[in-house]
Amino acid sequence: MSHASSLVRALRSIALYVPDLVKAEQFYTEVWHLQVVSRVDNAIYLAGAGQDHHLLSLHQRDGETGIRHVTLRACDLKALDEVARRAVSAGGRVVSDLAPCEEPGGGTAVVVADRDGRRFQLVCGDERVDGRPSDPDQPIRLAHVVLNCQDVEDTQSFLEMALDFSLSDRTRIMAFMRCNSDHHSIALGDTDNNALNHIAFLMPDLDAVMRGGGRMRDAGYEIAWGPGRHGPGNNAFNYFIGPFGEVIEYTAEVEQIDDSYHVGGPSDWTWPPGRIDQWGISAIPAATLKQAQRSVFFSTHP
Ligand SMILES: [Fe+2]
């Protein structure tokens, strides 16, 4: 049994407000290697090589970089109603009632928010695309989104109750949550703020993660953390600070698990002195990365 959530099939996309859509498009296509699949007034929708209609949408808003919402694909239409009901019981609220999604990609959607205003859009029946040309240097799909939390236990319980996510591992500083066979689709950072920690894009393989590091350096973006291989999730990583301070990751080889997975705790995940990744080569993250990981928030006026 590999699908842990009865309500959510997968993480699909993230929607961000950015202050300069032209610069954003240039970066996310030419350097990050996504492709524009839809363009509407003041927004672009970007796809990777996988089947999702888009995995990132960027919305122009002067003076703001922020999260509009995180989109999850629901298992079926019934799940949308169920999530709306459960979100309220879990202390959150319904932001937008169930309705046809007016945005590119379509489908039917409901938007819920937790107590702290983290907005999750649940979509069902959205467009899927078969047979996009494969590009060895293009992200396939989102791998995970990591959200900082002032109260991790509270947010974890919202994800469990409203979205039927399960805990895969809890380290001293993170709760890794899954909805399918990926070790985690959402992780929660145990911190003193509710900012975006980072967005991870799944690359075809380790080489693509490394070549991505080179491509970013060529474009003036140094690797802010990595290369390395994480403990929980066993994925290889390179982290960067994007053009608007948003932290983005190229990752590959995320561990696939099922419900027999042993849920680890903080004592299962300690590093030997001086180490912070499995290979033992990654230095501690740049101070600028830590700073960036407290700079982008869910927009307060979506
Ligand atoms: Fe990550």
Side-chain angles (χ1 to χ4, degrees), residues 11 14 16 65-70 72 90-92 113-120 142-163 165-179 182-202 223-226 228-242 244-251 254-255 263-271 275-278 282-300:
L11 170 66
I14 185 165
L16 300 178
T65 302
I67 307 174
R68 191 173 185 229
H69 53 240
V70 172
L72 305 163
D114 72 6
R115 225 188 286 278
D116 300 317
R118 296 180 188 85
R119 283 181 298 280
F120 300 98
L142 286 191
H144 53 266
V145 170
V146 179
L147 306 171
N148 287 346
C149 303
Q150 285 174 306
D151 184 343
V152 170
E153 277 65 41
D154 188 62
T155 313
Q156 177 183 330
S157 127
F158 182 84
L159 292 179
E160 289 168 344
M161 291 170 70
L163 303 172
F165 271 57
S166 308
L167 182 71
S168 295
D169 277 297
R170 179 67 160 95
T171 67
R172 190 176 52 82
I173 53 167
M174 293 266 240
F176 295 86
M177 310 288 300
R178 73 176 183 277
C179 62
D182 280 2
H183 176 272
H184 55 285
S185 295
I186 296 179
L188 308 173
D190 192 342
T191 52
D192 61 356
N193 64 74
N194 290 328
L196 171 68
N197 188 291
H198 67 271
I199 307 162
F201 296 76
L202 184 72
I223 298 173
W225 186 25
R229 187 180 285 281
H230 285 306
N234 197 35
N235 47 318
F237 63 84
N238 268 328
Y239 287 81
F240 313 90
I241 303 170
F244 308 102
E246 73 283 20
V247 176
I248 45 181
E249 175 189 2
Y250 278 141
T251 193
V254 179
E255 187 174 1
V263 179
S267 60
D268 296 309
W269 295 109
T270 56
W271 295 112
R275 294 219 163 181
I276 195 169
D277 83 295
Q278 292 197 55
S282 140
I284 58 165
T288 48
L289 184 80
K290 291 283 172 202
Q291 207 45 47
Q293 286 173 329
R294 36 196 320 132
S295 70
V296 176
F297 294 84
F298 277 87
S299 176
T300 50

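All values derive from a computational prediction rather than experimental measurement.
For the pair D182/L202, no side-chain contact is recorded, criterion being any heavy-atom separation below 4.5 Å from C-beta on. Residues V296 and F244 are not in side-chain contact: their nearest non-hydrogen atoms beyond the backbone lie 4.5 Å or more apart. In this structure the side chain of Q150 never reaches within 4.5 angstrom of the side chain of D116, judged on heavy atoms. By the 4.5 Å heavy-atom criterion applied to side chains, F298 and D114 are not counted as neighbours. Counting only heavy atoms from C-beta outward, the side chains of M177 and L167 approach each other to under 4.5 Å. Side-chain contact check for I186 versus V146: every heavy-atom pair is 4.5 Å or farther apart. Between R229 and N234 there is a side-chain heavy-atom pair separated by less than 4.5 Å. Using a 4.5 Å heavy-atom threshold, the side chains of F240 and V247 count as separate.
C179 and L11 get closest at one heavy-atom pair: SG-N, 4.4 Å. In terms of heavy-atom proximity, A200 sits nearest to E249 at CB-OE1, 3.2 Å. Residue A175 comes nearest to Q156 through the heavy atom pair CB-OE1, 4.1 Å, listed as atom of the first residue, atom of the second, then distance. Counting all heavy atoms, side chain and backbone alike, T251 lies closest to A236 at OG1-O, 2.6 Å. A292 and G245 make their closest contact through CB-O, 3.5 Å (heavy atoms, listed as atom of the first residue, atom of the second, distance). In terms of heavy atoms, I248 sits closest to G242 at CD1-CA, 4.0 Å.
Within the 3.5 Å criterion, the main-chain N or O of F297 finds no donor-acceptor partner in the side chain of N194. At least one donor-acceptor pair under 3.5 Å links the side chain of Q278 to the backbone N or O of H230. N148 places a side-chain N or O within donor-acceptor distance of the main-chain N or O of Q293, the cut-off being under 3.5 Å.
Under the side-chain contact (heavy atoms from CB on, under 4.5 Å) criterion, D169 pairs with F176, H183, P232, Y261, W269, not counting sequence neighbours. Residues that satisfy the side-chain contact (heavy atoms from CB on, under 4.5 Å) test with S282, not counting sequence neighbours, are W225, F237, I276, D277. Listed by chain and number, the residues in a ring pair (Phe, Tyr, Trp, His ring centres under 6.0 Å) with H198 are H144, Y239 (sequence neighbours excluded). Partners of D151 by side-chain contact (heavy atoms from CB on, under 4.5 Å), not counting sequence neighbours, listed by chain and number: E153, D154. Taking S299 as the reference, Y17, R61, E64, R119, H301 meet the side-chain contact (heavy atoms from CB on, under 4.5 Å) condition, with sequence neighbours excluded.
To the nearest 0.5 Å, atoms NE2 (H184) and OG (S168) are separated by 8.5 Å. Note that CD1 of I14 is 10.5 Å distant from CG of L72, once rounded to the nearest 0.5 Å. The structure places CG of L142 at 7.5 Å from CD1 of I199, a figure rounded to the nearest 0.5 Å. Taking CG of L188 as the start and OG1 of T155 as the end, the distance is 6.0 Å to the nearest 0.5 Å. Taking CG from N197 and CD from E246, the interatomic distance works out to 13.0 Å, rounded to the nearest 0.5 Å. In this structure, CD in E160 is found 7.0 Å from OG in S166, a value given to the nearest 0.5 Å.
Among pairs with a residue in residues 183-193, those fulfilling salt bridge (charged side-chain N to carboxylate O under 4.0 Å, His left out) read R170-D190, D192-R294, at least two apart in sequence or across chains.
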